[in-house]
Amino acid sequence: MRLETERLILREPEQGDRDGYTELYGDPEVVRFLSGTTLPPDEVPDAIERMLGHWHRHGVGLFSVIRKADEQFVGRVGYLLWDTERWVNGVSEVLEGALELEIGWTVLRILWNQGYATEAAIACRDHAVDELGRDRVISLIAPENIASIKVAEKLGESYERDVDLGKRVVGLYSLGKRPAL
């Protein structure tokens with residue numbers, strides 16, 4: 001699968017993206033709101049394989065984002081499916097049943113504040129609604145991650161509630177119909 005915007009190409013990850021993911025996952029400031037810990041370079045190929053596993057199992061996943069102008073790796077933006085009873089995602093485990101579709105974004109720090117996360121996330125939102133037929137998407141965001149909250153709001157998402165992911169509590173931002181409680 002491949003999506004395009006004015007400035008970006010969103011495509012499935014490849015092992016050739018290793019250097020970009022090494023920079024992304026190796027930056028403590030970038031991973032601060034993800035796992036909170038950096039990933040050693042020798043573990044990056046396995047991380048890419050886990051992302052590809054999500055694609056193969058579910059037909060959607062996190063895209064590698066590439067800038068059209070110079071083929072610069074920008075980051076990862078795309079989809080994660082979540083089991084909302086256990087709050088685990090499809091990268092971590094094989095999931096079944098009704099799942100929430102998250103749009104998530106992570107961009108190299110040197111490219112922050114240039115609109116790439118918003119541009120790519122809007123493309124994913126539009127694809128999720130128009131092509132995947134989703135009437136609801138979510139984003140899980142650490143409460144102190146103000147930049148990501150602003151991206152979620154630009155997508156049309158609004159704060160719904162807090163979710164305990166075990167290691168941390170995040171805000172669930174949503175667009176569309178609320179699930180039955």
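- Put simply, CG on Leu140 and CG on Leu80 are 8.5 Å apart, with the number rounded to the nearest 0.5 Å.
- Scanning for side chain to side chain donor-acceptor pair (under 3.5 Å) contacts around Arg168 gives an empty result, with sequence neighbours left out.
- Environment of CG in Asp46: crowded, with over 12 heavy atoms of neighbouring residues, nucleotides or ligands closer than 6.0 Å.
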Notebook entry, point to check: Would Thr84 and Glu100 count as a side chain to side chain donor-acceptor pair (under 3.5 Å) if you check the C-alpha gap in whole Å, the side-chain angles of each, and the deciding distance to 0.1 Å?
Noted result: CA-CA 7 Å; Thr84 60; Glu100 286 271 29; 5.8 Å; no
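- Hydrophobic clustering, with ILVMFWY side chains joined whenever heavy atoms are under 4.5 angstrom apart, groups Leu132 together with Leu81.
- Shown here is Glu144, whose CD atom has more than 12 heavy atoms of other residues, nucleotides or ligands within 6.0 Å.
- In the hydrophobic cluster analysis, where Ile, Leu, Val, Met, Phe, Trp and Tyr join through side-chain heavy atoms closer than 4.5 angstrom, Leu62 is grouped apart from Phe33.
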Next item on the list: Apply side chain to side chain donor-acceptor pair (under 3.5 Å) to Tyr25 and Arg76, showing your working.
Entry: CA-CA 11 Å; Tyr25 294 139; Arg76 65 167 207 186; 3.1 Å; yes
Margin query: Is there a salt bridge (Lys or Arg N to Asp or Glu O under 4.0 Å) between Asp17 and Arg11? Walk through the geometry before answering.
Written below: CA-CA 11 Å; Asp17 300 330; Arg11 60 159 172 75; 2.7 Å; yes
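- Between atom CD1 of residue Ile122 and atom NZ of residue Lys154 there is a gap of 8.0 Å, rounded to the nearest 0.5 Å.
- By the neighbour-count criterion of 12 heavy atoms within 6.0 Å, atom CD of Glu29 is densely surrounded, having more than that number from other residues, nucleotides or ligands.
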Item checked: side chain to side chain contact (heavy atoms under 4.5 Å, CB included) between Val170 and Asp162, intermediate numbers included -> CA-CA 6 Å; Val170 296; Asp162 283 343; over 6 Å; no
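- In the hydrophobic clustering of ILVMFWY residues, with side-chain heavy atoms under 4.5 Å counting as a link, Leu95 and Val163 come out together.
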Next item on the list: Report the C-alpha distance between Gln72 and Leu111 in whole Å, list the side-chain angles of each, state the deciding distance to 0.1 Å, and finish with yes or no for side chain to side chain contact (heavy atoms under 4.5 Å, CB included).
Entry: CA-CA 10 Å; Gln72 160 79 40; Leu111 299 175; 4.1 Å; yes
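- To the nearest 0.5 Å, atom CD of residue Glu119 and atom OG1 of residue Thr5 are 3.5 Å apart.
- Ser139 is linked by a side chain to side chain donor-acceptor pair (under 3.5 Å) to Glu157, counting only residues two or more places apart in sequence or in another chain.
- Checked by atom type and distance alone, the side chain of His56 pairs as donor or acceptor with a backbone atom of Leu52 at under 3.5 Å.
- Both Phe73 and Trp112 are part of a single hydrophobic cluster, where members link through side-chain heavy atoms under 4.5 Å apart.
- A donor-acceptor pair under 3.5 Å links the side-chain atoms of Tyr79 to the main chain of Cys124, judged by distance alone.
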Next item on the list: Tell me, with the steps shown, if Glu160 and Arg136 meet salt bridge (Lys or Arg N to Asp or Glu O under 4.0 Å).
Entry: CA-CA 12 Å; Glu160 185 176 303; Arg136 176 179 164 84; 3.0 Å; yes
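- Between Gly156 and Leu175, the shortest heavy-atom contact is O-CD1, 3.3 Å.
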Margin query: Would Arg2 and Glu12 count as a salt bridge (Lys or Arg N to Asp or Glu O under 4.0 Å) here? Give the steps.
Written below: CA-CA 7 Å; Arg2 178 182 168 113; Glu12 289 184 36; over 6 Å; no
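- Of the candidates Ile141, Val137, Ile138, Ile141 is the only one forming a side-chain contact (heavy atoms from CB on, under 4.5 Å) with Tyr173.
- Judged by distance alone, the side chains of Tyr21 and Ser64 do bring a donor and an acceptor atom under 3.5 Å apart.
- Between the Trp87 side chain and the Trp82 main chain, no donor and acceptor come within less than 3.5 Å of each other.
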Next item on the list: Go through Val44 and Leu39 one step at a time and tell me if the side chain to side chain contact (heavy atoms under 4.5 Å, CB included) criterion holds.
Entry: CA-CA 7 Å; Val44 169; Leu39 192 64; 4.2 Å; yes
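- Atoms CD and CG, on Gln114 and Leu108 in that order, are 10.5 Å from each other to the nearest 0.5 Å.
- Taking NZ of Lys150 as the start and CD1 of Ile146 as the end, the distance is 7.5 Å to the nearest 0.5 Å.
- Nearest heavy-atom pair, Ile48 versus Pro13, reported as atom, atom and distance to 0.1 Å: CG2-CB, 4.1 Å.
- Ring geometry, His58 versus His54: the interplanar angle falls from 30° to 60°, so the pair is classed tilted.
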Next item on the list: Output, in order, the C-alpha distance, side-chain angles, deciding distance and verdict of salt bridge (Lys or Arg N to Asp or Glu O under 4.0 Å) for Glu6 and Lys68.
Entry: CA-CA 8 Å; Glu6 182 180 333; Lys68 287 181 179 178; over 6 Å; no
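- Closest of all the heavy-atom pairs between Val74 and Leu8 is CG2-CD2, 4.1 Å.
- Cluster annotation: Ile103 is connected to Leu165 through the hydrophobic network of ILVMFWY side chains, with a link wherever side-chain heavy atoms come within less than 4.5 Å.
- Looking at every heavy atom in both residues, Ala121 comes nearest to Val77 through N-CG1, 3.8 Å.
- Crowding of Glu14 atom CD: a count of heavy atoms from other residues, nucleotides or ligands under 6.0 Å exceeding 12.
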Item checked: Check against side chain to side chain contact (heavy atoms under 4.5 Å, CB included), Asn145 and Ile149 -> CA-CA 6 Å; Asn145 190 346; Ile149 292 170; 5.5 Å; no
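- Taking the six-membered ring where the residue is Trp, the centroids of Trp55 and Phe63 are separated by under 6.0 Å.
- Judged by distance alone, the side chain of Thr22 and the main-chain N or O of Arg18 form a donor-acceptor pair under 3.5 Å.
- The CG atom of Asp83 sits 8.0 Å away from the CD atom of Glu93 when rounded to the nearest 0.5 Å.
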